[in-house]
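When a ligand or atom number is given, it counts from 1 through the structure's own listing order.
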Amino acid sequence: MTDQIERVDVLVSSPTRNYVTLRITTADGIVGLGDATVNGRELSVASYLRDHVAPLLIGTDPSRIEDTWQFLYRGAYWRRGPITMAAIGAVDMALWDILGKRAGLPVYQLLGGRVRDAVPYYSHAFGWDIPALLESVAEHRELGETYIRVQSGVPGLDKVYGVSKNPNYEPAGRGARPSEEQFEPGVYMRHLPKVLGAVREQVGPDVHLLHDAHHRLTPTQAARLAKSVEEFDLFWLEDVTPAEDQEALRMVRNASVTPLAIGEVFNTIWDCQHLIENRLIDYIRTAVVHAGGISHSRKIYALAEVHGVKAGPHGPSDISPIAMAASIHMAASTHNWGVQEYMGYPDLVHEAFPHAWSAADGTLQPGDAPGLGVELNEDILTSESYKTAYLPVARRMDGSVLDW
Ligand code: GCO
Ligand code: MG
């Protein structure tokens, strides 16, 4: 007789920040884990899983991974969106984890085996001003990192995206309401070339530099910015316009050869299709957790491969070590992979989710434990309970709300 799903638990915890974790246990006693965290909206995914998905999984065959995906996606009728897709993504990850454990193989072997010896990652350097940023970049270089995202303060703006007083930058803040940040396109656009010029001069030509504009510019502003930073040879310029307006990137594309990355807020292949098929981007940033898990992400990468686009997945600290594991296993076994974002985690997060994957010298390794190779420290997850937290809201100097 085939194995059956016997128990489904949803754990919401806050070891320094909130995580939603799905645990599926089979009648044979195999445990699979999935991440379902949507930063700032955690409880809605937990309810979606507890109230609507878990009851449907009990008694089903955990080896029917694709069928379960289709059942949850098509069977719900209401589809797409971060909450639905993170819930399905968590189930999918947990089922791949179970399959790997049953086979005694790490997930990357089930996905076709290694295509690279190590997975390069990019880290986050930031500073309130250029000297502080240069110091932060130097620290990352000392760790052997060769892909570095650079974010800096902007003169005249108090609180900006990507820069913090805390060395573990975390945009979501605990509290009943979001904090507010400032942004003003003109001053930012004039400042960024100075920042990138200083960093490029310090690191020389061989280090890959990245920058995230966080969805804030109009198409014309974005095109001007991409053109003005061309000489600094960015590895990518990320989220230069709001992600919904996909044709905006055609104007940016036509104006410059700065490589473009977008997609951390996309959830399905249909969100990515136009940009990939029209070659309007170089890197697709969907995260395995927010884009329906391993099964669906593989389809996105396959579509991207046909059009010369590479994967460059989202990997901030709100992607739990479980989803990070899934992403590393995919990176190890997917040919058209560019780079994995990895900003590291506070120690407590590593302790809450002991993992076989590892990071060293600017690269990640999936490890050889069966499945995804992540476990749960239930004592930590139980004692660190959910705390209300929100991502910030951004406003222009005139007080109007802007994309954060
Ligand atoms: C990135 C992102 C993050 C997100 C955050 C939202 O490129 O790492 O833009 O900083 O804003 O993960 O939850
Ligand atoms: Mg980003």
Side-chain angles (χ1 to χ4, degrees), residues 14 16-20 35-45 81-83 85-86 89 121-126 140 145 147-152 159-164 166-174 178-181 183 188 192 208-217 222 225 234-244 249 259-267 271-272 275 281-291 311-321 323-324 327 338-346 349 388-394 402-404:
S14 197
T16 71
R17 56 152 313 105
N18 294 323
Y19 290 113
V20 180
D35 176 28
T37 308
V38 175
N39 205 0
R41 295 292 186 271
E42 295 86 358
L43 298 182
S44 44
V45 206
I83 307 303
M85 297 310 289
Y121 72 79
Y122 75 87
S123 57
H124 289 196
F126 57 82
H140 284 281
E145 295 170 353
Y147 292 79
I148 304 175
R149 175 182 112 149
V150 293
Q151 305 293 136
S152 102
K159 280 169 144 189
V160 297
Y161 168 76
V163 183
S164 134
N166 183 337
N168 282 321
Y169 171 67
E170 166 53 62
R174 286 177 174 172
S179 68
E180 300 208 349
E181 290 180 354
F183 189 78
Y188 162 75
L192 188 67
H208 304 289
L209 299 177
L210 302 84
H211 176 75
D212 190 346
H214 229 260
H215 320 274
R216 295 182 181 177
L217 302 178
L225 185 79
L234 283 180
F235 182 80
W236 79 39
L237 180 60
E238 174 180 336
D239 288 348
V240 74
T241 51
E244 306 91 312
L249 290 180
L260 302 175
I262 207 161
E264 65 184 47
V265 301
F266 293 172
N267 316 118
D271 301 327
C272 310
L275 293 177
I281 52 172
D282 299 274
Y283 298 93
I284 185 71
R285 299 245 319 127
T286 45
V288 62
V289 46
H290 301 134
H314 195 207
S317 53
D318 47 288
I319 302 288
S320 92
M324 183 57 69
S327 212
V339 69
Q340 171 67 49
E341 179 178 14
Y342 178 63
M343 62 187 278
Y345 298 99
V349 177
T388 304
Y390 288 102
L391 285 167
V393 169
L402 188 69
D403 299 78
W404 175 69

What atom name does the N, O or S atom of [X] nearest to the Mg ion (ligand 2) carry?
X    : answer
D212 : OD2
E264 : OE1
E238 : OE2

Protein heavy-atom partner closest to [atom] - residue, atom, separation in Å:
atom                    : value
atom 10 (O) of ligand 1 : Y161 OH, 2.6 Å
atom 8 (O) of ligand 1  : E341 OE2, 2.5 Å
atom 5 (C) of ligand 1  : D318 OD1, 3.7 Å
atom 2 (C) of ligand 1  : E264 OE2, 3.1 Å
atom 11 (O) of ligand 1 : H214 NE2, 2.8 Å

Heavy-atom distances under 4.0 Å are what count here, so tell me which part of [X] touches ligand 1: side chain, backbone, both or neither.
X    : answer
Y342 : neither
L391 : side chain
M343 : neither

Query raised in the report: Can you tell which of R149, H215, R285 makes a side chain to side chain donor-acceptor pair (under 3.5 Å) with E238?
Result: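 Of all the options given, the one that passes is R285.
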Query raised in the report: Does the side-chain contact (heavy atoms from CB on, under 4.5 Å) test come out yes or no for H290 and V38, once each step is laid out?
Result: CA-CA 8 Å; H290 301 134; V38 175; 4.0 Å; yes
Query raised in the report: Is the Y147 to F235 ring centre distance short of 6.0 Å?
Result: yes
Query raised in the report: Are W236 and Y122 close enough that their ring centres sit under 6.0 Å apart?
Result: yes
Polar contacts were defined as any N/O atom of the residue lying under 3.5 Å from an N/O atom of the ligand; does this apply to [X] and ligand 1?
X    : answer
W404 : no
N39  : yes
Y169 : no

Query raised in the report: Can you tell me if OH on Y169 sees more than 12 non-hydrogen neighbours from other groups inside 6.0 Å?
Result: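 Above 12, so yes.
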Query raised in the report: Out of curiosity, Q340 CD to H314 NE2, how far, rounded to the nearest 0.5 Å?
Result: 10.0 Å
**Report entry** Stepwise side-chain contact (heavy atoms from CB on, under 4.5 Å) test for D239 and E264
**Finding:** CA-CA 9 Å; D239 288 348; E264 65 184 47; 3.6 Å; yes
